[in-house]
2 protein chains.
Amino acid sequence: MTGIFTIGDAARESGVKVPTIRYYEEIGLLPSPPRTEGGRRAYGATDLRRLAFIRHARELGFEIDAIRTLLKLQDEPDQSCAAADAIARDHLAGVERRIASLTALRAELQRMVEGCSHGHVASCRVIEILADHGECAHHQGGRA
Amino acid sequence: MTGIFTIGDAARESGVKVPTIRYYEEIGLLPSPPRTEGGRRAYGATDLRRLAFIRHARELGFEIDAIRTLLKLQDEPDQSCAAADAIARDHLAGVERRIASLTALRAELQRMVEGCSHGHVASCRVIEILADHGECAHHQGGRA
DNA sequence: CTTGCTCCTCTAGTCGCTAGAGGAACTAGG
DNA sequence: CCTAGTTCCTCTAGCGACTAGAGGAGCAAG
């Protein structure tokens with residue numbers, strides 16, 4: 001209604017926690033808003049939009065630095081969007097790598113828990129596989 | 001051959017970097033080995049096995065705390081392996097959650113980059129989707 | 001006017017390492 | 001025996017992206 005929001009309002013609106021908003025300001029991702037007489041942050045609708053953008057990008061797993069670039073791009077609508085496209089493509093490639101690696105990992109973990117005979121540790125498949133890398137299909141997998 | 005290894009040997013054998021081995025010692029994951037006269041760490045075959053176990057578990061994405069528990073279990077072979085099983089199952093569930101979330105994410109990113117018309121930022125699908133959460137299928141997805 | 005909420009700043013902690021400084025001790029060659 | 005190069009030692013600080021908590025001030029309702 002007013003177009004003026006406290007940090008708490010902003011947090012509720014955007015789903016970003018209050019300390020995180022302050023953190024974003026500190027690292028220069030969100031501009032420092034004007035303050036009220038009492039020294040409190042007074043956000044406007046633009047800030048809320050920016051915050052929603054950040055939140056959504058974070059949800060999609062973009063790193064802060066990538067978001068910084070995307071925000072700069074957003075502020076200059078006449079530029080070619082090749083840069084934004086490249087960032088998204090890059091990120092997509094990373095996500096695909098992680099899915100591949102996690103899928104291999106899942107297979108291995110399934111083998112582990114399925115092989116577990118629920119007896120003693122001495123004959124536990126879980127412990128065994130962990131102890132003996134040779135037994136396992138997971139050679140040279142990347143970090144998940 | 002000797003059964004005595006320097007930290008460098010241990011690093012080469014296990015694939016765990018030297019500072020990381022020292023770190024594992026510091027946090028009590030790997031026991032402090034005896035030292036040579038010159039004050040250098042002297043590892044035995046048991047330590048190398050433990051280190052390989054740790055490395056493999058880390059590769060599989062287990063957290064340090066989980067590994068700590070698994071190692072304790074490994075040291076007591078008469079215990080039931082229910083605990084180890086539970087840890088592995090838990091971890092598997094987590095991995096499955098991450099795969100699901102990343103798969104949703106991939107779909108969204110694909111939509112993004114496929115929709116990009118390679119024109120100006122003003123009409124860029126990437127920027128648009130990020131700015132407007134409503135346009136996107138990714139509601140309430142967990143962190144990847 | 002007091003209660004209780006929100007806000008402020010600041011520091012320190014999380015996880016799992018990684019990087020670098022500054023120095024001591026081994027190893028190989030001359 | 002000396003030297004050069006490598007490996008080792010300890011220690012502190014940094015990464016990313018927050019999160020937690022202390023200690024205090026403002027502000028709105030009863």
Side-chain angles (χ1 to χ4, degrees), chain A residues 1-2 4-30 32-43 47 50-51 53-71 87 90-91 94 98 101 142-144, chain B residues 2 4-30 32-43 47 50-51 53-71 91 94 98 142-144:
Chain A
M1 298 293 173
T2 54
I4 297 274
F5 304 90
T6 67
I7 198 169
D9 296 335
R12 268 181 298 276
E13 286 281 306
S14 66
V16 178
K17 289 186 200 151
V18 169
T20 305
I21 296 176
R22 285 197 277 251
Y23 168 72
Y24 286 160
E25 180 182 334
E26 195 188 307
I27 62 169
L29 201 61
L30 201 64
S32 301
R35 302 286 183 120
T36 65
E37 280 187 32
R40 300 177 168 207
R41 289 168 179 84
Y43 293 101
D47 298 306
R50 207 176 174 85
L51 205 45
F53 185 102
I54 294 169
R55 195 217 162 174
H56 194 189
R58 286 295 299 141
E59 253 173 25
L60 291 174
F62 286 92
E63 292 176 8
I64 298 281
D65 253 20
I67 298 175
R68 215 186 285 276
T69 308
L70 290 169
L71 281 167
I87 290 172
D90 234 56
H91 186 51
R98 273 153 77 201
S101 150
R143 287 294 179 290
Chain B
T2 53
I4 296 274
F5 305 89
T6 67
I7 198 169
D9 296 336
R12 269 180 297 276
E13 286 280 307
S14 66
V16 178
K17 287 186 200 152
V18 169
T20 306
I21 296 176
R22 285 196 278 251
Y23 169 72
Y24 286 161
E25 181 182 335
E26 195 188 307
I27 62 168
L29 201 60
L30 201 63
S32 300
R35 302 288 183 119
T36 65
E37 280 188 30
R40 299 177 169 209
R41 288 168 179 84
Y43 293 101
D47 299 306
R50 207 175 174 86
L51 204 45
F53 185 101
I54 295 169
R55 196 217 162 174
H56 194 187
R58 285 297 298 142
E59 256 172 24
L60 290 174
F62 286 92
E63 291 176 10
I64 298 283
D65 254 18
I67 297 175
R68 215 185 285 277
T69 308
L70 290 169
L71 281 167
H91 186 49
R98 273 153 77 200
R143 288 295 180 288

Could you pull out all donor-acceptor pairs under 3.5 Å where a side-chain atom in residues 22-29 of chain B meets a protein atom, sequence neighbours excluded?
unit_1	atom_1	unit_2	atom_2	d
B/Glu25	OE1	B/Arg41	NE	2.7
B/Glu25	OE2	B/Ser32	OG	3.2

Quiz item: Please give, in whole Å, the distance from D/dA20 C1' to A/Arg22 CZ?
Solution: 12 Å

Self-check item: Most 5' of A/Pro19 and A/Glu37 on DNA chain D, judged by nearest nucleotide
Solution: A/Pro19

Practice problem: Would you mind reading off the distance between A/Ile54 atom CD1 and D/dA17 atom P, rounded to a whole angstrom? | Solution: 12 Å

Self-check item: Nearest-angstrom distance from the residue atom CZ of B/Phe62 to P of C/dC15
Solution: 18 Å

Exercise. Take the protein atom CD1 of B/Ile64 and the nucleotide atom P of C/dT14, then report the distance between them rounded to whole Å.
Key: 14 Å

Self-check item: B/Thr6 side chain near D/dT7 phosphate (N/O to OP1/OP2, under 4.0 Å)
Solution: no

Quiz item: Looking at B/Lys17, does any N or O in its side chain come under 4.0 Å of the phosphate oxygens OP1/OP2 on C/dC17?
Solution: no

Practice problem: Locate the shortest heavy-atom distance separating B/Ala42 from B/Pro33; write the atom from each residue and the value. | Solution: O-CB, 3.6 Å

Quiz item: So which one's nearest nucleotide on DNA chain C is more toward 5', B/Tyr23 or A/Arg12?
Solution: A/Arg12

Practice problem: Indicate, with a heavy-atom threshold strictly under 4.0 Å, whether B/Ile27 touches base, sugar-phosphate, or nothing. | Solution: nothing

Self-check item: B/Arg35 CZ - C/dA24 C1' separation (whole Å)
Solution: 13 Å

Practice problem: Looking only at side-chain atoms of B/Ile7, point me to the closest of D/dC9, D/dA17, C/dC7. | Solution: D/dC9

Quiz item: What is the minimum heavy-atom distance between A/Ile87 and A/Ala66, and which atoms define it?
Solution: CG2-CB, 4.0 Å

Quiz item: For B/Glu26 and C/dC17, what is the distance between atoms CD and P respectively, to the nearest whole Å?
Solution: 13 Å

Exercise. Report yes if a donor N or O on one partner sits less than 3.5 Å from an acceptor N or O on the other, where the partners are the side chain of B/Arg40 and the base of D/dT7; otherwise report no.
Key: yes

Quiz item: Considering only side-chain heavy atoms of B/Arg41, which listed nucleotide, C/dC7, D/dC9, D/dC18, is closest?
Solution: D/dC9

Quiz item: Is the shortest side-chain N/O distance from B/Tyr24 to OP1 or OP2 of C/dC17 below 4.0 Å?
Solution: yes

Quiz item: Is any NZ, NE, NH1 or NH2 atom of the basic residue among A/Asp9 and A/Arg12 found under 4.0 Å from an Asp or Glu carboxylate oxygen of the other?
Solution: yes

Exercise. Look at the side chain of A/Val18 and decide which nucleotide, out of D/dC8, C/dT9, C/dC7, has an atom nearest to it.
Key: C/dC7

Practice problem: Can you tell me the distance, in whole Å, between the CD atom of A/Glu63 and the C1' atom of D/dC18? | Solution: 14 Å

Quiz item: Which is true for B/Thr36 with a 4.0 Å heavy-atom rule: it touches a base, it touches only sugar-phosphate, or it touches nothing?
Solution: nothing

Self-check item: Value in whole Å for how far the C1' atom of D/dC18 lies from CZ of A/Arg55
Solution: 15 Å

Self-check item: Most 5' of A/Thr20 and A/Gly39 on DNA chain D, judged by nearest nucleotide
Solution: A/Thr20

Quiz item: Looking only at heavy atoms, what is the nearest atom pair of A/His91 and A/Leu60, with distance?
Solution: NE2-O, 2.7 Å

